[in-house]
Novice: 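Take a look at this one; I'll ask things after.
Residue numbering restarts at 1 for every chain, and letters A, B, ... go by the order of the sequence lines. Source: prediction; values computed, not measured.
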There are 2 protein chains.
Amino acid sequence: MVKNKAQISSETEQRILEAARQEFIRFGYDGTSIQQIADIAHINKSLVHYYFRSKDRLFDKIFVQAFQSFVPKIEEVFTSDIPITEIIERIIGNYIDLLKENSFLPAFILHEINQHPDRIYELMHAGRANPVIFLKHIQAEIEKGVLRPVDPRHLFINIIALCLFPFIGRPLLQRIFFKGDQPAYDQFLEERKKEITQFVIQAICIKI
Amino acid sequence: MVKNKAQISSETEQRILEAARQEFIRFGYDGTSIQQIADIAHINKSLVHYYFRSKDRLFDKIFVQAFQSFVPKIEEVFTSDIPITEIIERIIGNYIDLLKENSFLPAFILHEINQHPDRIYELMHAGRANPVIFLKHIQAEIEKGVLRPVDPRHLFINIIALCLFPFIGRPLLQRIFFKGDQPAYDQFLEERKKEITQFVIQAICIKI
DNA sequence: GTCTATATCGGGATAGAC
DNA sequence: GTCTATCCCGATATAGAC
């Protein structure tokens, strides 16, 4: 196949990428074999090498892409000048929705980052994991007297933690609180949007 | 060696266990080889099989034990009848201290549980991952009018999430907020005790 | 109990036919 | 582009000498 500048990839290449994403995100780098990917893509093992040369290179492609979708898109919420409470509500709602569509993403990213911390350096360029807009906004609200004087960095981490953890700990939590009942846990996650939005707002807003 | 009922294990066995714990917790099941464990224990590869028959059986021993130390010991804080705010402060302080001593424990447990959710069934008997005492206490405080009507399950998850996440996400967070500076991040974790204690208390206590 | 040697398997990767 | 055959290596596990 002729590769133009636009680099239009063949259908086979696409199928491999899709299979790889599925398997890597679910089972991690070590837990996924090339054979496994080939089976799901319904192609031959060696085609993976033909298109991507090595397991590492294929993984990198998947990982960078996955990492970008893992970083909560916070900036866009700040475009309009709505009150901080609503900003937080939207960040939480959007992020939990995103994670519901990609349940295994958090555990995958966090595990691989713990195993290969060096890889982060590359990522910092690719994806913009930059919470600076959020931090400044919070700082401004504190100075306006709307928010209690919390450390914006801790607050940022708190919000992410509250959203992510139910997904990372799902197998455990679903069993403890719902005896393994999946729909019940999904419902619980949905309720969680309001619950933690309230939780955060009560924690940081100055009461009148 | 004669094995009495007390099952006194040889020094070699101990060294293998210690090496296995270290490596499994750091690199996970898939990321750890028997050779690796043998090297650290300064013994021969096949001795691992002699003492534990298989990698799986050795891993199980480590995992059950690690899981128990991963579960926050909440009950003991409830013995005395101190105010709920102080209970929460102690839970958070104790748990973060525990995790500081075992930085890799959360990522390890959560990863392995996501990869082998079935294993949880065995664990539920061994360790008591039972937050029921906490839940009831919270419920009682709500009815007394001390706390806002929050869902105790969410509150429980929130507290754990706030404590755990900085450890699971450490490589990422340390890089984003401190350019990789470890002592600075350790300091940050220490401050975090007070910060999230305040955060939680503000979130749930009814103001006077 | 501890070692060496070996069996067996699966994984990633390459060569080459078509 | 796609397949088969093959190489090479590392991993778990076992057999057997000491």
Side-chain angles (χ1 to χ4, degrees), chain A residues 1-64 108 111-112 115-116 118-119, chain B residues 1-63 108 111-112 115-116 119:
Chain A
M1 161 174 278
V2 180
K3 302 240 177 180
N4 3 3
K5 280 185 191 167
Q7 189 77 358
I8 295 162
S9 47
S10 71
E11 193 215 329
T12 301
E13 195 175 342
Q14 279 304 316
R15 281 222 305 281
I16 295 174
L17 278 170
E18 190 41 50
R21 171 162 31 253
Q22 202 185 111
E23 297 301 287
F24 276 139
I25 290 182
R26 179 67 189 86
F27 302 107
Y29 180 87
D30 285 333
T32 304
S33 71
I34 293 186
Q35 185 61 59
Q36 202 174 322
I37 293 170
D39 289 346
I40 291 188
H42 297 103
I43 46 94
N44 188 283
K45 211 171 103 177
S46 45
L47 277 184
V48 175
H49 289 97
Y50 174 76
Y51 280 105
F52 300 97
R53 289 187 53 88
S54 75
K55 186 183 178 182
D56 272 32
R57 294 169 77 93
L58 174 56
F59 181 80
D60 273 354
K61 281 208 162 47
I62 301 298
F63 187 70
V64 171
F108 167 66
H111 177 251
E112 296 299 339
Q115 295 310 315
H116 309 281
D118 44 303
R119 215 189 291 272
Chain B
M1 163 175 278
V2 180
K3 303 241 178 180
N4 4 3
K5 279 186 194 168
Q7 189 77 359
I8 295 163
S9 46
S10 72
E11 194 215 330
T12 301
E13 194 174 344
Q14 280 304 316
R15 280 222 307 280
I16 295 174
L17 278 170
E18 191 39 51
R21 171 165 29 255
Q22 202 185 113
E23 297 301 286
F24 277 139
I25 290 182
R26 179 67 188 87
F27 302 108
Y29 180 87
D30 285 333
T32 304
S33 70
I34 293 185
Q35 184 61 61
Q36 203 173 322
I37 294 170
D39 288 348
I40 292 187
H42 296 103
I43 46 94
N44 189 282
K45 217 168 94 174
S46 45
L47 277 184
V48 175
H49 289 96
Y50 174 77
Y51 280 105
F52 300 98
R53 289 186 53 85
S54 75
K55 186 182 177 182
D56 272 32
R57 294 168 79 93
L58 174 56
F59 180 79
D60 273 355
K61 282 208 162 48
I62 302 297
F63 186 69
F108 168 66
H111 177 253
E112 297 298 339
Q115 296 309 315
H116 309 282
R119 215 189 291 270

Novice: Check each of E23(A), E18(A), Q35(A) against I40(A) using the side chain to side chain contact (heavy atoms under 4.5 Å, CB included) test, and report the only one that passes.
Specialist: E23(A)
Novice: Report, as a single string ordered 5' to 3', how protein heavy atoms within less than 4.0 Å touch nucleotides 11-18 of chain C: B base, S sugar-phosphate only, - not at all.
Specialist: SBBB----
Novice: Would you say the side-chain atoms of K61(A) pair up with the backbone N or O of L17(A), donor to acceptor, closer than 3.5 Å?
Specialist: no
Novice: May I have the distance from D30(B) (atom CG) to dG10(C) (atom P), rounded to whole angstrom?
Specialist: 15 Å
Novice: Could you check whether Y29(A) and D30(B), counting side-chain N and O atoms only, form a donor-acceptor pair closer than 3.5 Å?
Specialist: no
Novice: Specify the separation, in whole Å, of atom CZ of F52(B) and atom C1' of dT14(D).
Specialist: 18 Å
Novice: Tell me: CD1 of I37(B) to P of dG10(D), nearest whole Å?
Specialist: 18 Å
Novice: Restricting to ring pair (Phe, Tyr, Trp, His ring centres under 6.0 Å), what partner residues turn up for F24(A), sequence neighbours left out?
Specialist: F59(A)
Novice: Answer yes or no: is there a side-chain heavy-atom contact under 4.5 Å between H49(A) and I34(A)?
Specialist: yes
